[in-house]
Number of protein chains: 2
Amino acid sequence: MRIVVPAGGIGGARFLQGLRAVLGTDAAAEEQTTDSSITVIGNTGDDITLFGLRICPDLDTVMYTLGGGINEEQGWGRADETFTVKEELAAYGMKPTWFGLGDRDTATHIVRAQMLAAGYPLSTVTEALCDRWRPGVRLLPMTDDQVETHVVVDDGGGRRAIHFQEWWIKHRAALPAEQIVGVGAEDAKPAPGVLAAIAEADAVILPPSNPVVSVGSVLGVPGIREAMAAKTVVGVSPIIGGAPVRGMADACLRAIGVETSAGAVAAHLGSDLLDGWLVDEADADTDVEGIEVRSRPLYMSDPAATEAIARAALDLAVELAEKGEERG
Amino acid sequence: MRIVVPAGGIGGARFLQGLRAVLGTDAAAEEQTTDSSITVIGNTGDDITLFGLRICPDLDTVMYTLGGGINEEQGWGRADETFTVKEELAAYGMKPTWFGLGDRDTATHIVRAQMLAAGYPLSTVTEALCDRWRPGVRLLPMTDDQVETHVVVDDGGGRRAIHFQEWWIKHRAALPAEQIVGVGAEDAKPAPGVLAAIAEADAVILPPSNPVVSVGSVLGVPGIREAMAAKTVVGVSPIIGGAPVRGMADACLRAIGVETSAGAVAAHLGSDLLDGWLVDEADADTDVEGIEVRSRPLYMSDPAATEAIARAALDLAVELAEKGEERG
């Protein structure tokens with residue numbers, strides 16, 4: 001099976017671990033990641049340039065998680081990380097100081113910045129970085145163009161747009177967001193391979209990632225949503241019992257006027273896109289017109305649970321694809 | 001007294017510690033480094049771009065040494081240094097691997113690279129970095145233009161030019177050098193403040209630095225040597241008893257056809273430039289036409305010894321300057 005997964009940060013990366021286990025594609029066993037049956041379209045809207053380095057938090061979270069380099073406990077950044085460079089930059093008075101720039105992580109950003117400066121597109125850079133990490137999936141950025149998610153806030157001094165990372169990390173999404181904008185999204189083109197991967201896919205699976213800034217940013221690149229809508233698309237709800245499983249997705253949903261509930265998120269994603277929607281047992285009464293809703297335990301509490309969720313999503317996709325063929 | 005010191009790496013930086021002590025300019029006591037009575041014109045010929053970072057080994061050695069951040073034992077790099085970034089870059093297959101890029105040091109290069117990319121000249125960047133280190137001297141790069149010392153070698157595969165750092169660190173200067181070239185030197189202009197500092201100086205003191213690639217590179221920027229030659233110039237021999245006090249200056253001298261002896265180095269620097277020359281007692285019989293040679297212990301074995309050498313150089317400069325006035 002060929003599966004395409006648009007992915008953001010931690011939730012997406014963990015789900016992908018389960019999906020990879022189900023599909024039997026193993027990082028260590030696999031020499032050619034490009035032959036993988038999983039293509040990940042990574043959100044780049046969180047990307048930010050700090051200290052002259054280009055930082056791609058979501059691509060790195062997927063790469064480190066699937067490549068065995070992640071800090072498992074916090075879900076982002078490298079294991080056994082140190083923060084000497086960050087401390088030294090602060091000693092020079094460099095701003096910002098709120099970004100968790102680890103030393104191991106810094107090397108990734110140095111490689112990326114150097115390759116970008118040499119003229120390589122982000123997709124090529126990502127492939128080169130994955131040469132080391134061998135994530136067992138094909139990891140593509142959603143676009144090689146610069147798209148940055150900005151958040152319009154009003155902190156008393158008037159409305160202003162700040163980078164998503166500043167809102168998310170520095171303000172911990174506590175500053176009410178009036179608007180979330182993908183700067184550059186309108187003119188962005190899907191990265192090479194993205195549309196082809198979707199076209200060749202048996203199904204698209206939306207992991208339990210932030211529906212606004214992770215999955216939403218990927219869908220915001222012109223052409224990607226349309227291509228996915230032509231496929232069987234099954235999503236896993238990132239909302240359980242009216243709250244995000246992890247992170248601060250509720251703050252993002254509030255900003256775009258969507259209720260924090262499994263059903264509202266499915267309706268927001270739209271029945272033109274979504275064919276199936278997995279919700280937690282707590283949300284078993286969810287009903288969304290035009291979308292096949294199934295309930296099951298959705299907490300990715302350990303690898304086995306995560307694998308079972310991925311298997312359920314796959315099974316639902318196969319079922320709905322067959323139904324579609326019967327109908328078609 | 002206003003003193004100008006062209007300086008390269010370790011020898012220059014240690015000598016400057018002694019000179020600063022003699023002149024009573026203390027890093028901690030001094031708020032305005034630009035009012036210092038010592039202006040250092042740092043060699044930038046050793047500078048190299050690695051991993052997209054601009055690395056200025058000699059400027060940093062002076063800055064770290066006088067600012068209290070140096071690894072005292074090795075004489076270069078930061079104290080309490082770690083090498084995580086370097087190891088990670090190697091894990092990505094990044095070349096070269098021979099450069100000793102420490103984590104603390106990396107932050108300096110990140111700040112510098114970012115400021116250079118933003119359009120600031122190296123002199124402004126150096127001033128900004130010194131804002132943190134407060135070296136107690138005014139540290140100027142010899143030029144804001146790119147000058148890189150390359151070494152012509154023949155390693156069996158034919159003659160080729162390699163960067164000085166590759167020759168010095170990777171090959172430990174063991175590969176015979178046929179030529180040493182300051183690429184870009186001919187067209188370089190002295191950095192802002194350099195010629196003015198020399199014009200206002202009471203004397204120029206050449207520290208016991210590599211006469212070819214440290215002091216030599218500074219003198220190679222058009223206009224600097226001429227400006228210095230108009231002043232009282234006293235040098236401290238980096239050669240004792242026919243061998244470099246430290247480092248591999250002999251390999252550099254061989255490349256330009258100069259004998260490794262205190263006298264030959266003085267003659268190479270030239271009596272048009274040098275007024276006085278301090279040699280070690282082992283070289284007491286040194287005689288160079290047109291240059292006042294004095295002998296005394298020249299090993300910078302501890303701070304007191306270094307200070308005494310600096311004082312002797314200053315005393316000789318004062319003596320020769322007075323003589324010059326009498327004559328003039």
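Letters A, B, ... mirror the listed sequences (proteins, then strands); counts begin at 1.
- Using a 4.5 Å heavy-atom threshold, the side chains of B:Thr106 and A:Asp103 count as separate.
- Applying a 4.5 Å heavy-atom cutoff, the residues of residues 82-89 of chain B that approach chain A are B:Thr82, B:Thr84, B:Val85, B:Glu88, B:Leu89.
- Around the CZ atom of B:Phe99, the shell of radius 6.0 Å holds more than 12 heavy atoms that belong to other residues, nucleotides or ligands.
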**Study point:** CA sep, side-chain torsions, deciding dist, call: B:Tyr92, A:Thr108, side chain to side chain contact (heavy atoms under 4.5 Å, CB included)
**Key:** CA-CA 8 Å; B:Tyr92 278 116; A:Thr108 301; 2.6 Å; yes
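- Contacts with chain A (heavy atom to heavy atom, under 4.5 Å) involve these residues of residues 48-56 of chain B, listed by number: B:Phe51, B:Gly52, B:Leu53.
- In this structure, chain A has heavy atoms under 4.5 Å from both the backbone and the side chain of B:Ala91.
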